[in-house]
Number of protein chains: 2
Amino acid sequence: MTEIELSTEEKILKAAEEVFMRDGYDGSRMQDIADVAGINKALLHYYFRSKDKLFEKVFDAKIQSFFPKMGEKFSQDIPFVDKIHIFIEGYMDLLLKNPYLPLFVLNTVNNKDKSAFIKKLPIELSRQVAQSYYVEFKKGNVRELNPAQFIMSLMGMCIFPFLAKPILLDMFKADNDTFDKLMEERIQELKHYVTLILTP
Amino acid sequence: MTEIELSTEEKILKAAEEVFMRDGYDGSRMQDIADVAGINKALLHYYFRSKDKLFEKVFDAKIQSFFPKMGEKFSQDIPFVDKIHIFIEGYMDLLLKNPYLPLFVLNTVNNKDKSAFIKKLPIELSRQVAQSYYVEFKKGNVRELNPAQFIMSLMGMCIFPFLAKPILLDMFKADNDTFDKLMEERIQELKHYVTLILTP
DNA sequence: GTCTATATAAGGATAGAC
DNA sequence: GTCTATCCTTATATAGAC
């Protein structure tokens, strides 16, 4: 364990991330964040002025990863199916490390006071996938489908278990480790599914 | 339009459903519910005592549909793939009529004060699908896969666009009608996907 | 049953001492 | 920079008149 002492600002950001990600904006309390950070509530305002501003900082930091940047990956000269396989591995890996990310993001964009944050989402991903798909489709290497629908399916398949995690833990009487193992297994399963869907 | 006057209790429940579904428990205000119902805030407490009790009433009423009861459908003697097709049609239809349902349910089960509500979910669906799958698998009519993983994929594919609706509307510069058309189209696309996944 | 007025509590934000 | 104490707004809940 690294025992490097974090600055107060860093401690606050770390605590805010934990609380906001878990409880959402409306469900979070400044007092909870202060408690987790191990400091006083007044200091939160000293550093970040308001709950809104602190939330925005956390959102900005986390949001980049939700729609991962696949720039380099998608410009490689490899089959489309392989690109999707790489996406699945990378994205599921990210979700295993940030299990609250999907609910956090989807909650925020659906929040009546936070809908402006939609503009912050880096949504190049869908354009990259679509473009990459059409190149490959013209070569006849991939089945005909609607890439927009395909991306929604892909993301939905990856994300759903993390959104429904409390239900799944209850259903399977499982703990976090069992869940993670199920997700590791899921990576292979999803790769198989998309291969079946994409292969002509 | 039917002009039948609702009872006060019914008006409250209708308004509470609208507000809770849209804004979630933490994001909802009793005042908003009273305004939508067109009555006074004090009446909410007269009829339902507390915000918690009112929320529970709404949750109980809505929850049945999230994991639809497919009892009759799944006991029919038809191919497994056809059962899944019927599920997709029925579920997407339900979601088109209740676009907030997925976020509402997933938000609630992830809420730190509402996790007990998980017990209320009618989760027979997954058992029915798994059982139905194995019968068909033994006959060699369906590809080998993990039914639990398959159900998660199926639900994820159906639900995702409704969770991400504000993002999609922004991306495609679309309105509600366009979104609904995209979902109608999606029914066919998803039926195609599951056929490819399930057919040996 | 329905309303107005008010009590009570929670939570975000600030003042001021150190 | 960090704390304690306090302010002020918002929101749930209740009292009491009609």
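Letters A, B, ... mirror the listed sequences (proteins, then strands); counts begin at 1. As the structure is a computational prediction, the values presented were derived from the model and not from experiment.
- Under a cutoff of 6.0 Å and an axis angle of 45°, Lys139(A) and Tyr134(A) do not form a cation-pi pair.
- Judged by distance alone, the side chains of Asn146(A) and Glu185(B) do bring a donor and an acceptor atom under 3.5 Å apart.
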(request) For nucleotides 3-18 of chain D, just jot down a letter per nucleotide in 5' to 3' order: B, S or -, based on protein non-hydrogen atoms under 4.0 Å. (result) BB------SBBB----

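- Contacts between residues 9-23 of chain B and DNA chain D, defined by a heavy-atom separation below 4.0 Å, involve no residue at all.
- Here the P atom of nucleotide dG11(C) and the CG atom of Asp26(B) are 10 Å apart, to the nearest Å.
- With values rounded to the nearest 0.5 angstrom, Met30(B) atom CE is found 9.0 Å from Lys41(B) atom NZ.
- By the 4.0 Å N-to-carboxylate-O rule, Arg22(B) lies close enough to Glu18(B) to be salt-bridged with it.
- Classified by interplanar angle (parallel below 30°, tilted 30° to 60°, perpendicular above 60°), the ring pair Phe150(B)/Phe80(B) is tilted.
- Considering Phe104(A), Tyr100(A), Phe55(A) in turn, Phe55(A) is the only one that fulfils the ring-ring contact (aromatic ring centres under 6.0 Å, His included) rule with Phe20(A).
- When the P atom of dA13(C) is taken as reference, atom CZ of Phe55(A) falls 14 Å away, rounded to whole Å.
- For the pair Lys114(B) and Tyr25(B), the cation sits on the ring face: its NZ or CZ lies under 6.0 Å from the ring centre, inside 45° of the axis.
- Remark: Lys165(A) is positioned above the aromatic ring of Phe179(A), its terminal NZ or CZ atom under 6.0 angstrom from the ring centre and at most 45 degrees off the axis.
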